[in-house]
Q: 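Just passing along the structure, written as structure tokens.
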Protein chains: 2
Amino acid sequence: MAKPKRGVPKKVRVPTIQDVARLAKVAPATVSNVLNDSRPVAAIRKERVLAAVQALGYRPNALAASLRRKETRTIGIVVPDLTNPFFGALVHRIEELAAESDYQILLVSSNEDPKQEAARIRTLLDRRIDGLIVAPARDEVEAVSHPIGALPPTVLVDRGFGLAGFDTIAADNVEAGHRGCQHLLELGHRDIALIAMDPKLANFADRIAGYRKALAEAGAGRRARVVTGGLDVESCRTAIERELRRPDRPTAIFAASYVATLGAIKAIRAVGLDLPGDVSLLGIDDADWMEALHPYISAVAQPVEQMATEAWRLLNQRLAGGTAKSARIRLPCTLHVRESTRAVR
Amino acid sequence: MAKPKRGVPKKVRVPTIQDVARLAKVAPATVSNVLNDSRPVAAIRKERVLAAVQALGYRPNALAASLRRKETRTIGIVVPDLTNPFFGALVHRIEELAAESDYQILLVSSNEDPKQEAARIRTLLDRRIDGLIVAPARDEVEAVSHPIGALPPTVLVDRGFGLAGFDTIAADNVEAGHRGCQHLLELGHRDIALIAMDPKLANFADRIAGYRKALAEAGAGRRARVVTGGLDVESCRTAIERELRRPDRPTAIFAASYVATLGAIKAIRAVGLDLPGDVSLLGIDDADWMEALHPYISAVAQPVEQMATEAWRLLNQRLAGGTAKSARIRLPCTLHVRESTRAVR
DNA sequence: GTGAAAGCGCTAACAA
DNA sequence: TTGTTAGCGCTTTCAC
């Protein structure tokens with residue numbers, strides 16, 4: 001048995017700005033000024049400082065600087081579920097942009113739960129993040145900010161569009177629902193079931209509205225069929241399966257999210273129908289695999305990259321002190337017609 | 001035009017521990033002791049403190065506490081690519097576990113680039129993270145730690161297995177390659193091409209070794225065909241397509257990663273072969289969609305959840321002062337036989 | 001152009 | 001049990 005000496009911290013003292021100053025025979029302030037270009041420093045001293053920094057392997061303690069400067073160059077990101085490729089891509093891109101501007105990312109997941117979301121955001125605030133990007137679990141203001149109090153500059157992505165006091169970004173979900181449904185109608189479908197994870201979430205409500213609008217325009221307003229799935233693939237699958245087993249089963253499924261799309265494919269399989277022979281499928285949200293296996297899945301793609309870019313741009317503006325009134329940005333989706341949608345027989 | 005007053009910080013002063021102390025008529029230290037249970041405090045005072053905290057909406061400044069305590073309760077996570085579902089799931093689970101223990105996650109992506117990796121890790125260190133979990137871009141020690149200097153407790157996941165000074169965790173990649181190849185051999189395949197993104201990465205080297213071993217055991221050692229793809233789907237697709245267009249094309253493809261699997265599917269389509277009629281496909285790494293569209297993709301699944309759990313467990317142990325010698329943990333993979341692998345004609 | 005000194009908000013050591 | 005003091009490592013006055 002090795003006898004583990006517990007809690008013995010390494011004795012290697014990390015050099016501080018004082019150590020550098022001493023070695024370079026200058027004031028700590030001068031070291032700071034050299035390293036941050038915050039004031040002109042004579043060339044001779046500057047060299048001495050740089051040499052000392054080199055010699056000691058000095059790295060400024062960002063914590064101390066943040067405490068003093070009252071700015072952490074850290075932003076929080078909150079997403080409902082990181083395993084969802086939409087949010088994965090979103091975070092990926094934001095992290096990339098943030099890093100370019102020398103910002104770090106504190107990442108938390110809310111697991112689609114407003115309670116957890118609030119709790120996690122609070123811990124982020126305790127760390128004095130400079131800004132926050134959140135894809136909220138719910139759309140209500142209370143859920144996002146009420147239990148938390150003052151927030152730093154915050155931009156809301158995907159959900160919570162239009163909430164007062166926030167810059168908000170979302171896909172044009174009404175148009176996504178409208179355009180998607182139109183596509184199905186053009187193919188001759190009249191019995192189109194739309195599957196939403198939670199029709200109360202604004203983005204689903206919008207997609208449903210667009211869908212209804214397209215239906216109405218085609219004189220098929222009474223044929224709307226909105227099915228509520230749930231937050232996970234299984235519950236969506238079950239709901240869709242039930243719909244497909246009805247005698248008057250739909251000829252097309254419009255799955256209003258990534259999770260719903262996955263559920264729809266599984267449901268169609270489970271019922272033993274042919275895709276797209278017996279039933280067409282149109283998804284919302286794109287993924288790499290949708291163009292791999294046949295039938296390629298037709299989908300209305302949200303502009304994730306753009307959403308990330310805009311989110312970062314808006315946040316950056318605020319971080320720079322911008323006080324423009326809250327932005328509300330709707331980004332257009334793109335319909336990718338592939339193989340899973342086919343003319344009705 | 002609104003006239004934007006730039007850079008005007010909000011005048012709302014955030015309450016400090018001093019404010020609470022004053023209001024509660026106690027010493028700041030007492031407030032600290034109440035909030036952290038660090039010393040017994042008389043019930044009367046405790047109540048006064050709590051009331052004052054409530055009244056002011058006081059939240060301790062974690063930055064200041066960290067500076068003083070020399071511990072941030074923050075750990076860094078470094079992954080090569082967050083859009084890869086494997087790393088997405090890994091981060092997701094680690095974040096979850098960390099949050100349960102009141103740790104935060106600073107997330108950075110290395111984009112498969114050791115240079116970027118080193119740079120990003122350095123910025124994490126400047127923030128005095130307590131620990132680090134990294135899925136390195138390369139396997140060499142130098143790449144991970146040499147250009148950086150002293151690291152906090154660090155565990156390496158997926159790559160860099162066995163590097164001295166680190167707890168390391170990886171799937172049993174040799175076995176994964178072995179078992180996978182065996183499965184193909186059992187189906188009668190003899191011309192099996194293995195596609196690796198980069199055969200120099202240890203996990204690919206291991207998978208290749210396992211594959212060769214299985215081949216040798218079947219007396220087909222000379223028939224090994226290792227194809228180098230690349231870091232992205234397209235380059236893998238191209239490489240596999242080339243292989244499939246040869247007159248002596250393989251009857252089975254063994255794609256040694258998620259990206260390679262996607263590339264393989266696309267290549268098989270591009271060449272116009274039937275999957276699995278003309279060619280079988282076995283992937284490494286599992287994904288939700290592999291059980292959605294036909295043919296369901298057979299795959300050797302890495303135990304992502306377990307890898308995350310173990311990573312967190314090991315790190316936690318170190319954070320608690322544990323000084324056991326570096327752990328090396330190999331976790332077994334699971335073969336999911338589905339529809340994309342079929343007996344050779 | 002430079003240095004000395006104060007202080008960001010907290011906790012740990014020392015007294016009482 | 002409580003308060004006072006010092007100081008974590010840095011940046012920013014202010015004075016020279």
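Here the structure is a predicted model, which is why all the values come from computation and not from measurement. Naming: A, B, ... by sequence-line order, numbering from 1 per chain. Just so it is clear, the values below take in all heavy atoms, side chains as well, and ignore hydrogens, waters and symmetry mates.
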Q: Rounding to a whole Å, what distance do you find between Lys25(B):NZ and dT2(D):P?
A: 16 Å

Q: State, yes or no, whether a side-chain contact exists between Leu35(B) and Tyr58(B) at a heavy-atom distance under 4.5 Å.
A: yes

Q: Can you confirm whether the side chains of Arg22(B) and Gln18(B) place a donor and an acceptor under 3.5 Å from each other?
A: no

Q: Taking atom types as modelled, is there a side-chain donor on Thr123(A) or Gln104(B) under 3.5 Å from an acceptor on the other?
A: yes

Q: Please classify the nucleic acid contact of Arg39(B) as base, sugar-phosphate, or nothing, using heavy-atom distances under 4.0 Å.
A: base

Q: Would you say Lys70(A) reaches dG9(C)'s phosphate, i.e. side-chain N/O to OP1/OP2 under 4.0 Å?
A: yes

Q: Both Ala29(B) and Ala64(A) contact DNA chain C. Taking the nearest nucleotide for each, which residue is further toward the 5' end?
A: Ala64(A)

Q: Any donor and acceptor pair, going by atom type alone, linking the side chain of Asn33(A) with main-chain N or O of Ser38(A) inside 3.5 Å?
A: no

Q: Between Asp19(A) (CG) and dC8(D) (C1'), how many Å, whole number?
A: 13 Å

Q: Looking only at the side chain of Ala65(A) (C-beta and beyond, no hydrogens), which of the listed nucleotides dT11(D), dG9(D), dA12(C) gets closest?
A: dT11(D)

Q: In whole angstroms, how far is the P atom of dT11(D) from the CG atom of Asp126(B)?
A: 12 Å

Q: Can you measure Gln18(B) atom CD to dA6(D) atom C1' for me and round it to whole angstrom units?
A: 13 Å

Q: Counting side-chain heavy atoms from C-beta on, which of dT11(C), dG1(C), dT2(C) comes nearest to Val41(A)?
A: dT2(C)

Q: Expressed as a whole number of angstroms, how long is the span from Leu35(B):CG to dA12(C):C1'?
A: 16 Å

Q: Across the strands shown, which category fits Asn33(B) at heavy-atom distances under 4.0 angstrom: base, sugar-phosphate, nothing?
A: nothing

Q: In terms of the nearest nucleotide of DNA chain D, which residue is placed more toward the 5' end: Asn36(A) or Arg48(B)?
A: Arg48(B)

Q: Given dG7(D), dT11(D), dC8(C), which nucleotide is nearest the side-chain atoms of Leu67(A)?
A: dC8(C)

Q: Between Arg128(B) and Pro28(B), which has a closest nucleotide on DNA chain D that is more 5'?
A: Pro28(B)

Q: Looking only at side-chain atoms of Arg69(B), point me to the closest of dG1(C), dG3(C), dT11(C).
A: dT11(C)

Q: Would you mind classifying the nucleic acid contact of Ala42(B) as base, sugar-phosphate or nothing, using non-hydrogen atoms under 4.0 angstrom?
A: sugar-phosphate

Q: Where is the tightest heavy-atom contact between Arg127(B) and Leu106(B), given as atom of each residue plus distance?
A: CD-CD1, 3.8 Å

Q: For dC8(C) and Ser66(A) - does any side-chain N or O of the residue sit under 4.0 Å from the phosphate oxygens OP1/OP2?
A: no

Q: Distance check: side-chain N/O of Thr16(B) vs OP1/OP2 of dG9(C), anything under 4.0 Å?
A: no

Q: Under 3.5 Å, side chain of Asn61(A) to main-chain N/O of Leu63(A), donor-acceptor pair present?
A: yes

Q: What is the separation between atom CD1 on Ile17(A) and atom P on dC8(C), rounded to the nearest whole Å?
A: 18 Å

Q: Whole angstroms only, please: what is the CZ-C1' distance between Arg68(A) and dC10(C)?
A: 15 Å

Q: With respect to the phosphate group of dC8(C), does any side-chain polar atom (N or O) of Asn61(B) fall under 4.0 Å of OP1 or OP2?
A: no

Q: Of all the choices, dA12(C), dG9(D), dG3(D), which nucleotide is nearest to the side chain of Arg45(B) once you look at every atom?
A: dG3(D)

Q: Report yes if a side-chain nitrogen or oxygen of Thr30(A) is closer than 4.0 Å to either non-bridging phosphate oxygen (OP1 or OP2) of dG1(C); otherwise report no.
A: no

